[in-house]
Amino acid sequence: MQYWLMKSEPDEFGIDDLERCPDATAHWDGCRNYQVRNMMRDEMKVGDRALFYHSNTKPPGVAGIMEIVREGYPDHTAFDPEDPHYDPKSDPDKPRWFMVDVRFVEKFPHYIPLSELKKQDALADMKILQRGNRLSITPVSKKEWNRIVKMGRGK
DNA sequence: GCCAACGTTGGC
DNA sequence: GCCAACGTTGGC
């Protein structure tokens, strides 16, 4: 089993939105980055766990946990001209973009702001803390995962 | 295949 | 709103 961190802007779709979805499950659509596409298509497996990270908000940080409940399949929003993430170059017969399904697991009693993550020596190597990293999905090590979950649950 | 221009991300 | 960092596009 692997661990991940997945970013979303809570103004668009936050952890509370996920919890309110039917079966607390949603598809993680709209990714238009090849590296992230490859992770969703090839690497993420049912049962993997992911941190739900709130980006572009005040303050940015980790809000809780979700799990992967369906492995990579074509992102149909790329085929819809009405969709803001429409990509005419993605052909239903040869889809360019993929997504996974995620299910809400828990919302942390203690939201963890990015500033707190940065203070942890144990998390210094986290992808999300590296300069210039803009990927919306990154792998998280077991050690990092355990530390963050502990922080979120309040030690 | 190079690379300048442009677009996007996302913290601050 | 600014801007650094990075990805993508397209002319050549």
Side-chain angles (χ1 to χ4, degrees), chain A residues 2-21 26-44 48-68 71-102 104-141 143-145 147-152 154:
Chain A
Q2 278 193 247
Y3 300 104
W4 306 91
L5 180 146
M6 301 169 76
K7 297 180 190 172
S8 180
E9 304 189 10
D11 287 349
E12 297 290 327
F13 188 79
I15 194 164
D16 294 330
D17 298 307
L18 177 60
E19 188 175 11
R20 280 195 293 267
C21 285
H27 37 78
W28 203 262
D29 61 80
C31 161
R32 299 294 179 263
N33 172 283
Y34 288 103
Q35 278 179 263
V36 176
R37 186 277 309 269
N38 293 347
M39 284 189 264
M40 289 202 284
R41 188 189 59 190
D42 307 329
E43 296 182 43
M44 301 179 87
D48 283 1
R49 299 257 158 163
L51 299 167
F52 197 131
Y53 180 89
H54 283 178
S55 67
N56 240 316
T57 189
K58 272 188 65 177
V62 179
I65 296 175
M66 50 195 170
E67 68 174 319
I68 309 305
E71 289 167 19
Y73 63 106
D75 181 345
H76 55 74
T77 67
F79 310 140
D80 177 5
E82 303 297 314
D83 192 278
H85 300 292
Y86 174 59
D87 181 358
K89 292 174 186 162
S90 188
D91 184 329
D93 292 328
K94 207 167 182 292
R96 175 176 293 203
W97 304 114
F98 286 73
M99 60 188 179
V100 297
D101 284 358
V102 294
F104 174 87
V105 173
E106 79 179 74
K107 181 176 175 177
F108 287 145
H110 299 283
Y111 180 80
I112 313 166
L114 178 60
S115 57
E116 289 299 318
L117 298 177
K118 287 179 175 171
K119 287 179 190 167
Q120 301 283 325
D121 289 341
L123 301 178
D125 292 335
M126 273 192 81
K127 294 274 194 306
I128 193 158
L129 300 182
Q130 306 312 309
R131 178 183 186 80
N133 190 333
R134 301 180 312 154
L135 295 183
S136 60
I137 299 181
T138 48
V140 171
S141 76
K143 196 182 81 175
E144 293 161 352
W145 174 272
R147 168 59 66 102
I148 291 171
V149 169
K150 197 174 285 185
M151 293 168 74

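Proteins come first, then strands; the chains are lettered A, B, ... in the order of their sequence lines, and each starts at number 1.
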Roughly how far, to the nearest 0.5 Å, is CG of A:N133 from CE of A:M126?
10.0 Å

Nearest whole Å is fine: how far is B:dG11 C1' from A:I128 CD1?
11 Å

Rounded distance (Å) that lies between atom C1' of B:dG10 and atom NZ of A:K118
11 Å

Select from A:G132 and A:R96 the residue whose nearest nucleotide in DNA chain C is closer to the 5' end of that strand.
A:G132

Starting from C1' on B:dT8, measure out to CG on A:N56 and report it in whole angstrom.
11 Å

B:dG10 P sits how many Å from A:K127 NZ, rounded?
16 Å

Produce a footprint string for nucleotides 2-7 of chain B: one letter per nucleotide, 5' end first; B if the base is under 4.0 Å from any protein heavy atom, S if only the sugar-phosphate is, - if neither.
-----B

Can you check the A:Q130 CD to B:dG11 C1' distance for me, whole Å?
15 Å

Does A:K7 make a side-chain N or O approach to OP1 or OP2 of B:dG10 shorter than 4.0 Å?
yes

Using atom types as modelled and distance alone, determine if a side-chain donor or acceptor of A:Q130 lies under 3.5 Å from a backbone N or O of A:A124.
yes

Between B:dG11, C:dT8, C:dT9, spot the one nearest the side chain of A:Y34, thanks.
C:dT8

A:D125: which residues meet the salt bridge (Lys or Arg N to Asp or Glu O under 4.0 Å) condition with it, sequence neighbours left out?
none

Just the rounded figure in Å: distance from P of B:dT8 to NE2 of A:H85.
11 Å

For a quick test of reading the model: is some side-chain N or O of A:K89 closer than 4.0 Å to OP1 or OP2 of C:dT9?
yes

If I take atom CD in residue A:E12 and atom C1' in nucleotide B:dT8, what distance separates them, rounded to the nearest angstrom?
14 Å

The criterion is salt bridge (Lys or Arg N to Asp or Glu O under 4.0 Å); which residues satisfy it with A:R32, sequence neighbours excluded?
A:D75

Run the salt-bridge test on A:E116 and A:K119 with the 4.0 Å N-O cut-off and return the result as yes or no.
yes

Backbone of A:D29 reached by a side-chain donor or acceptor of A:T77 within 3.5 Å:
no

Do A:D83 and A:H85 have side-chain N/O donor and acceptor atoms under 3.5 Å apart?
no

Once you round it to whole Å, what is the distance between C1' of C:dT8 and CD of A:Q35?
13 Å

